[in-house]
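Okay, so here's the structure we're looking at.
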Amino acid sequence: MAKNTRRDIAWNRALTKVLEQGAVTKHDLTKGKYGVSERTASDTLATMVDMEYLRRENVSGPKPDKWKRGDKLPATLATEQ
C-alpha cells in the first residue's frame, strides 16, 4: 500500500470538501490531525487552480478566500450522486 504524502492528503481533502460542501478554504486543509502546512495548502490549491479543477473566489473583508469547483474537474474525480 502506497503512503500518502502531505500533498496527496491536501489534494484529497480539497476534492472532498469541494464535492461535498461546494467550497474549500485554506484553513480546511491546515486544521485537524491530518492538516498540512500553510505552504503545502497554498501550493496544492494553486496547482488545482492552474489545472482549472478549482476556481478562486475572492471574499472581501477579513474572511478567508474560498475555492469552488472549476470547469475542468474530470467526471471520474467527481463522484457526486
The reported gap from CG in Leu29 to CG in Leu45 (rounded to nearest 0.5 angstrom) is 5.0 Å
Can you name the nearest heavy-atom pair linking Leu19 to Arg69, along with the distance? CD2-NH1, 4.1 Å
Checking Arg7 against Thr47: is there a side-chain donor and acceptor pair closer than 3.5 Å? yes
Salt bridge (Lys or Arg N to Asp or Glu O under 4.0 Å) filter on Asp8, not counting sequence neighbours, yields none
For Ala46, side-chain contact (heavy atoms from CB on, under 4.5 Å) partners two or more places apart: none
For Glu38, side-chain contact (heavy atoms from CB on, under 4.5 Å) partners two or more places apart: Lys26, Thr30
Please enumerate all residues that pass salt bridge (Lys or Arg N to Asp or Glu O under 4.0 Å) together with Lys17, with sequence neighbours excluded. none
Can you name the side-chain hydrogen bond (donor to acceptor under 3.5 Å, both in side chains) partners of Asn12, sequence neighbours left out? none
Say you draw a straight line from CG of Leu73 to CE of Met48; how long is it, rounded to the nearest 0.5 Å? 7.0 Å
Look at Lys66 together with Glu57 and state whether they make a salt bridge at an N to O cut-off of under 4.0 Å. no
What heavy-atom pair brings Met51 and Trp11 nearest, and what distance separates the two atoms? SD-CH2, 3.6 Å
Checking Arg56 now: which residues fulfil salt bridge (Lys or Arg N to Asp or Glu O under 4.0 Å) with it, not counting sequence neighbours? Asp65
In terms of heavy-atom contacts, Lys68 and Ala23 come closest through CG-CB, 4.1 Å
How long is the straight-line distance from OG1 of Thr44 back to CH2 of Trp67, given to the nearest 0.5 Å? 11.0 Å
Would you sort out whether Asp28 and Thr25 count as a side-chain contact (heavy atoms from CB on, under 4.5 Å), showing the intermediate values? CA-CA 5 Å; Asp28 291 334; Thr25 64; 3.3 Å; yes
